[in-house]
Structure formats: structure tokens, C-alpha cells
Q: 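Structure incoming, see below.
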Amino acid sequence: MRPDSPTSGERKMAEDVKEESVAADDDSELLAEDGSLNAAVEEEGGCFLLRRMEICVAEAEKRSGKNAVNMQETFTVYLIETRPLDAVAEGRNPAPDSLWRRYSEFELLRSYLVVTYPYIVVPPLPEKRAEFVWHKLSADNMDPDFVERRRVGLENFLLRVASHPVLSNDKILYHFLSEERDWKEVVYETGFQAKADSRLRALSATFRVRNTDKRFMDMKHYSDELQSHISQLLRARARVADRLYGVFKVHGNYGRVFSEWSAIEREMGDGLQSAGHHMDAYAASIDDILEEEEHYADQLKEYLFYAEALRAVCRKHELTQFELEVASQDLISKKHQREELATGIVRTFSLKGMTNKLFGQEAPEQREARLKLLEELIAEGEDAVREKTAECEEHVERAWVDMERFEEQKDKDLREALINYAVMQISMCKKGIQVWSNAKECFLKM
Amino acid sequence: MSVGAPRGLASSGQKPITEILHPLSAAEEPLSPGPDVTATVGGDKEAVLTNGTPVETSSPASASSLFNRLQLDDDLEADGRDPYASMETRDLFVTVDDPKKHVSTMETYITYRVSTKTTRIEFDLPEYSVRRRYQDFDWLRIKLEDSQPTHLIPPLPEKFVMKGVVDRFSEEFVETRMKALDKFLKRVADHPVLSFNPHLNAFLSAKDLNKRQGLALLTKVGESVKHVAGGYKLRARPAEFCAMGEYLDTFSLKLGTIDRIAQRILKEQSGSHREYLTELREYGTVYSSWAGSEGDLRRPLEGVAGCVTTCCGALEELSENMSQDFLPVLREYVLYIESMKNVLRKRDQSQAEYEGRLEAAILRKQEDRTPIPMEVEKCQDRVECFNADLKADWERWQSNKRQDFKQLLTGMADKNINYYEKCQAAWESLITLLQDKQTEDKTSETN
């Protein structure tokens, strides 16, 4: 049984609006000749792909194979099933299309999306390795509980991407969901890896950029805070879980001693024995309780990683802004050089200027040549500045839209998560009351 | 189950020893109620005959106390009520309360008010109110042990406390001790033989308890038992007393285990070093600090922080209650078991002395036809008295033990239920708060 994920609302929404969805008889109409998604079918700002198809990650399986360095390895693959929604709506129940993907392919998809849409807060993948574990939970990637929670997380990732107004239109995403073979080649062919920003460049931009949009700086600061708070929370929660586990398990000892004690009692024996059983049940109940709480932890983790994605968008802004500043600065200095050459006035100290003074100025033909070169460079520079400015402005505009969308989604999802957490706590209290009431009844019969 | 309890043990002198049933054996007579008896409504009331009189489940020493006992059985259902306060037929009521600190140049100590209400003619007045300190209770206990060696004297809370470790004047300690002293006195006052002891009378009524004088009312039985030397070896302890001894040993072990478990739970819950409570508190503060950086999420996060804090408070209360109410009673029973074992030992000694003297007398008779001296017959009487008193006290003790543990364990269950109820209420009110906000937002969205 799959637990509720925050995007269950979105899946429901997709089903609710299926009447409005543009019906297509078969998948071929979705793709135009050039491979991009058919424009006639696109909708502005809607949960596009999810209106077209039902997506789920149904299963996980272990496989063995040779890896890149020809060594034997075991890995897990996940079954992605898709079904056209209109078929479901019409009551037909066609078998879903399905294909298998492993975690590394999901990672590749996400990397592609991050590079291709740097102004979008790209939904995160579930964690690669189990972190924030409390002592009983296995940190092993092959552990069935971990695999199951990862399956849920991967499904969640796909649902979020497929319901995103911009990301859901991507054809690579569509291929990921529909064509198992050769997908990796197609992704690499897009050349996205070349477009990826080097970390070093991004980092130096952070330090050297001068005029950044205040909203983005505030958002970046917020993303830092969010990351810090959520990781603190996850650590504290793991410690609490660990301790609570100990408290419950010690109660199991009551079960044993009551049983032993009941053996030497006459009237009190039955009551004691039964009460002991309830204490055993109490001690055992903590396992389920903490297992359920892991889902809450997973919801928090999603937003922990989302914070990283948010910060990436802000960093991209810094980078584009920085590049714009560099390009502008370059243009200015070239214009100065031209001025210098044209008027002979040295504005700024330069080695050329000094040598000119010392050794005499250059010949007029040389100067002409240089001026011509400079004019070309300046023209290029102006183009570059125009380009960069447009890039920067476009990024700011689009990113701001998505960041606002993200903020709304985060508030809604986290509030729901908190409500669910409270519901879990209430359920735990009710169980506690039940067990102790049962034990009390047994004590009264002693 | 409850109607299988053996009946009819009389005490000293009223029934020959051979007619007294073994308290732990299956009854020979039909004890389960016949067609004349109907079970009363209420799970733990004892069976009653159709004419309304309760079936005897255990018998105390004397006729009036027998009546007391039957009344007491009716009270078994009330876990809230004081098990020692049966209704109209009791004629001696005692209470220990109102602790006060006394500071003198020599020492500092606590006194308690001991209030008595009685209709017994052994007392001059119907009411008394005196102040006594622990030493006085100890004196009373020693006097009772000396003068009634064949009876089980209830235990006192421990005399010595390690001065660095426990604060003898803390509210908690005084409160716990006072409750134990109250229980002690009530048990004595409730006992059909001990309650008539003149030392108890003095303790309850005398303005000044002059302990050095003592009262010249040590009974002969007491003196002779005191003079029993070691060196008499017991031949054959009757099976019933063996069974009692074994029971006490096992019971003592189990209580020890329960004590350890309860302590361990307390330590894991709210011990001082990074235990559950500490971690939970920190967990709550993280929500609070997160709330500081949020907008719309601030109220929900603060709400969660508040709930966690409430749960911490409830947990603290649970731990305190268990520490104050549960553990001391458990420990007191361990002392009670020790007292009972002592009485068993004294009984053994008394029987050993009799057997020794009898053997010596028989040998002498065989040698020179000396008749069996009176002394030996008196010994035999003493042993029989001892056995009868002991059995009567044993029954009473078992019954009280059942009552006490029923109360103790249901109390523990109640404390835990209470804790969870408080937590549940806190989380439920949070959900209402959060869901109101949700509907608020939805309506503002559609507007």
C-alpha cells in the first residue's frame, strides 16, 4: 500500500480535470515532426503531461550486470508505468506501457533538466544514500525498506516534473517515460553537458558579482536557512526516535516479569498474565509507529533537497549577472582603448602608453589597423552585452515566476505534512491509551 | 478464580490447629458457590449468597474482625477509595499528615500529626491529636515486634538515608515518607490483635512519648521467645510454611525486577543525560527557530513547537508521579517481605525449640521414667499459637497485597493514560487550528 505523497493532490487534480484534457487517440499526435511536443496540445500554465497520462513507479527489482569498468555489480531497477488518461476516463483499462529505469538514469534526467532550465526550481530526487537514520533503520541501499521508500520518492519526482508548467513539456522527459532503449544516447546528444556551468565559475561569480537583484539574494538567504533548519530538524527527530524506541522496548520487560510473577499467584495470576501480554503489545507497537514517521521524514527531506535547487536558481542569477558585468566591463575598457587610440590621450595607465612615451608612438598604419580591430571587437562586445542582458533579464523574469510558484507549493505541502504529522501523533496517543486501558482492565481483575 | 480462595482460618485459641486449612492448598470443601450463591455484579466483588450475606473468603483472628474483613471485601472494587477505610464497623481510625520542620540547636527534624478517632473503651478519649517523629514510629514498631513476636508487623520506610544523596527535607521525600508512615499506622490499627496493643495506645494518645521508661507490659510469650537460643535445629517444617517461604523469595525477586524496570523506564524517559525528554525538548525548539524564517508557515510550525512542549510537560509529570507514587510502594513491599520472612524464621525457631525439648524429655523419660515436663507442653502450645497467628496474618497479608498491587498497577496505568490524553488533546487542537487556516486560505483564494 502506497502512503500518501504530497503530490497525491496533484494526481487527483489531473484526474479531476480529465474532462478538459485534449483527447488524443494515440501518442503519435503528441510529438510534432521536429520532436518537440505538439504545440496544439500545449497549454499555458497547466499541469500538462499529467493530464495526458497516469504515471507511476510500480515496482523495484534487483538486477545484476556489468558496469562501465566491466565489473559485476548488483543494482536496483524501477518499473515506470504510464497509461493515457483518456483511456482510463472512457472506462477502458488498457495495459500500461512500462519500462525499467535505474537510479542513475533518473539522475541523468535531472541533471539535464537543471542545465536546460536554469530558471526553474527543479524537483529533487530522493536521497542517494540513507541519511539521518536512527539506529534501527538500515543505511544499506539494498535494504527493502530503503528501496521501497526510494520507489515512492522516484514516483513523486516524476509526478512533480510531469505536473510542472514548464518542465512537463520537455521531450527528453517524454522519452524517458516512453522509450527504454537509447534514451541515454539521446540525452547526451543534446550536448547539455557542455552547457553546464562549472562549479568554479559559479563560485567565483558569487564572490565577485556587484549588482544582484535583491529578491534573489533574499531568496538565496532563505534557501540557506531552510536547509539549515530542516537538517537540524531531521537530526533531532532521529535522536528522538532512537530514545523513544528504547522507552517502549523496556516496557516489554514488564510482560516477562508479570508472566513469571503470575505463576506464583492464585487470584492475581490471570490478571497479571493478561496485563503482561498488553505490555508486550505496547513494546512491539513502536516499530510500526516509527516506520510511519519515516514518511514524514521523507517529506521533510524532499524540501531539504528542494532548498538546494532553489539556491541553484539564485546562483545562476548571480552567474548571469556576473557575466553581464564582465561583458559590460570589457566593452567599456575596449571603448576606452579606442578613445585612447583615436585621441592620443592616455586616460589610464597602461604599459603600452608608457612604452609609447618612452620609445615613441607607433606608425599611423599600425594605429589604423589596431583601431579597425578594436571597432570589430567593440561591435562584438556590444552584441555580447545585448545578449547577456537579455539572458539575464529573461532569467530574472522566468525564475521569479517559478520561485513564487515554488513558495506557494512549499507552504501548502509543508503545512499538509505538519497536519499529517499531528495526525500520526494523535494515532500514537490513541494506541497508547488503548493499550494502557486494556492493561488497567486486567489489573482491575487481579 | 476469585471464589477459589480458601476460607475459614481462625486465630489463636479458637480452633485446633488440625482443623485449619492450608492457605495455599486446593480446598477440600466445595468452595465454589453452589446453586445458593449468585455472583454479584461488578467484576471483582466477592460472591454472595442469595440471601445477601457475603461468602467468607478469608477469616481474621476474632469475631469482630471477621465482620470487618467481610466489610472490607465489599470495598475491593473501588480503586480510588482507601482500601483500609471500611464503613461502620471499624472503631479505630488513624491518620498521619501535616509534616512540620523543627529546628533546634541540637538537630533539625520533621514531625507529623497523628490523628485518632475511636470508640474503643481501651482509649480514654474519643479523639486524639499528637505530633510524632520518625523515631517514635520506630520505637512503636520495635515494641510491637517484641510484644507480639508471632505476628507480622508492617514495615516502616527506611530509616537511614544517605545524607549527600537524598534531601531529607525536600517536599518530595517528606511527602513519600509521610504516606508510608500513614500506611504503616493504618495497617497496625487495622490488625485485629496489634491494634489492641498498649504500646499503640500510648503512641496514639500520650502527650509525651517517654521512650526510656517503656511500659511494663511485655507479655510472657514475648519474653520466652526472646530467650530462645540458637542451637535448636528444626526437623520438619510443615509444608505450608515452606510454601510461604518459597513464595516470599520468588515474590521478592519479581518485585526487585519490577523496580529495576520502572527505574530503567524513568531513566530512559527523563534521566538527566540526553534521554528522551531532553531530545524531545530540543526537537521542539528546532521547530520554533525554523518558524522564525518562514512567512505563512510560521504559525503551523510554532503550533507544532507548542504541542511538543506540552507533551514534554506531560511526560515530566508522568515521570514525577511514577517516581513518587509507584517506586516507594514497591520498595515498601520488599521491606514487608523481609518482615514476613523474619516472622517465619521466628516460628521456625519456636518449633525447633519445642522439638528439641521434646526430644530431650522423651529421652529422659525412657531413661528414668521422668514425665514430660509442663515446660514442653507449654512450648507445644506456643508453637501452635504461633502457627495459627502466622497463618491468619498470612491471609490478611495476601489480601492486602492483592489490594495494594491492584491499586498500584491501575495507578500506573492511569498515569500513562493521563499522559497520552494530554498529548492527544494538544495535537487535536493544533489540527483544528491548521485546518481552519486551510479553509480560510481556500475561501480567500476563490474570492
Side-chain angles (χ1 to χ4, degrees), chain A residues 222 225-226 228-230 232-233 235-237 239-240 242-244 246-247 250-251 253-254 256-258 260-261 263-272 275 407-408 410-412 414-416 418-419 421-423 425-426 428-433 435-437 439-446, chain B residues 1-2 4-5 24 43-44 77 79 246-247 250-251 254-255 257-258 260-261 264-265 268-269 274-276 278-280 282-283 286-287 289-290 293-297 300-301 303-304 307 311 398 402 405-406 409-410 412-414 416-417 419-421 423-424 427-428 430-431 434-435 437-438:
Chain A
Y222 171 75
E225 298 254 290
L226 188 65
S228 155
H229 285 128
I230 295 186
Q232 261 187 299
L233 191 61
R235 266 195 299 274
R237 195 207 70 88
R239 286 198 296 264
V240 167
D242 192 38
R243 285 284 156 218
L244 188 62
V247 170
V250 176
H251 279 85
N253 291 318
Y254 276 140
R256 195 173 49 237
V257 76
F258 285 167
E260 291 168 2
W261 180 10
I264 58 170
E265 292 293 343
R266 295 167 294 155
E267 300 119 342
M268 284 167 60
D270 287 351
L272 270 177
E407 188 155 5
E408 219 177 283
K410 169 205 67 141
D411 283 343
K412 176 167 166 285
L414 285 177
R415 178 188 283 144
E416 238 180 80
L418 291 175
I419 292 178
Y421 182 69
V423 169
Q425 297 306 303
I426 290 172
M428 179 169 124
C429 290
K430 284 189 174 155
K431 278 191 208 148
I433 291 173
V435 166
W436 282 105
S437 299
K440 180 177 171 180
E441 257 179 63
C442 296
F443 292 142
L444 285 171
K445 293 207 187 102
M446 274 184 0
Chain B
M1 166 177 67
S2 55
L24 297 175
D44 31 32
E77 68 180 271
D79 46 16
E246 276 166 26
Y247 172 85
T250 311
F251 186 42
K254 296 310 150 195
L255 284 189
T257 307
I258 294 177
R260 274 195 301 281
I261 296 172
R264 176 78 186 277
I265 291 176
E268 297 262 350
Q269 268 179 348
R274 297 256 78 151
E275 308 304 332
Y276 177 56
T278 326
E279 302 290 2
L280 196 63
E282 206 173 292
Y283 179 61
V286 176
Y287 279 104
S289 63
W290 181 8
S293 69
E294 291 289 341
D296 272 356
L297 275 181
L301 288 170
V304 172
C307 278
C311 292
Q398 282 285 6
R402 183 177 171 198
F405 275 94
K406 188 189 282 196
L409 293 171
T410 51
M412 171 169 89
D414 277 334
N416 278 280
I417 291 171
Y419 160 72
Y420 278 117
E421 281 176 344
C423 293
Q424 183 179 337
W427 289 106
E428 277 176 343
L430 177 69
I431 289 196
L434 292 181
Q435 281 177 337
K437 186 95 200 320
Q438 266 191 327

Q: What residues, two or more places apart in sequence or in another chain, satisfy side chain to side chain donor-acceptor pair (under 3.5 Å) together with B:Gln424?
A: B:Glu428
Q: Apply side chain to side chain donor-acceptor pair (under 3.5 Å) to B:Trp427 and list each qualifying residue two or more places apart in sequence or on a separate chain.
A: none
Q: If you define the side chain from C-beta out and look only at heavy atoms, does anything of B:Glu294 sit under 4.5 Å from A:Lys410?
A: yes
Q: Using a cut-off of under 4.5 Å on heavy-atom pairs, state which of B:Ile265, B:Thr250, B:Leu430 scores highest against chain A.
A: B:Ile265
Q: What residue in A:Asp411, A:Leu414, A:Val423 has the most heavy-atom pairs under 4.5 Å with chain B?
A: A:Asp411
Q: Looking at A:Lys440 and B:Asp414, does any basic side-chain N land under 4.0 Å from a carboxylate oxygen?
A: yes
Q: Report the option among A:Leu233, A:Val240, A:Asn253, A:Leu418 that has the most heavy-atom pairs separated by less than 4.5 Å from atoms of chain B.
A: A:Leu233
Q: Between B:Tyr283 and B:Tyr276, does the ring centre distance come in under 6.0 Å?
A: no
Q: Using non-hydrogen atoms and a 4.5 Å limit, figure out which bit of B:Phe251 sits close to chain A: side chain, backbone, both or neither.
A: both
Q: What part of A:Tyr254 is in contact with chain B, defined as an atom under 4.5 angstrom from a non-hydrogen atom: side chain, backbone, both or neither?
A: both
Q: Output the option from B:Val286, B:Leu255, B:Leu301 having the highest count of non-hydrogen pairs under 4.5 Å with chain A.
A: B:Val286
Q: Just checking A:Trp436 against B:Tyr420, ring centres under 6.0 Å apart?
A: no
Q: Could you have a look at A:Glu260, A:Gln232, A:Glu265, A:Lys430 and say which one has the most heavy-atom pairs with chain B under 4.5 angstrom?
A: A:Glu265
Q: Does any heavy atom of chain A fall under 4.5 Å from the side chain of B:Ile417, the backbone, both, or neither of them?
A: both
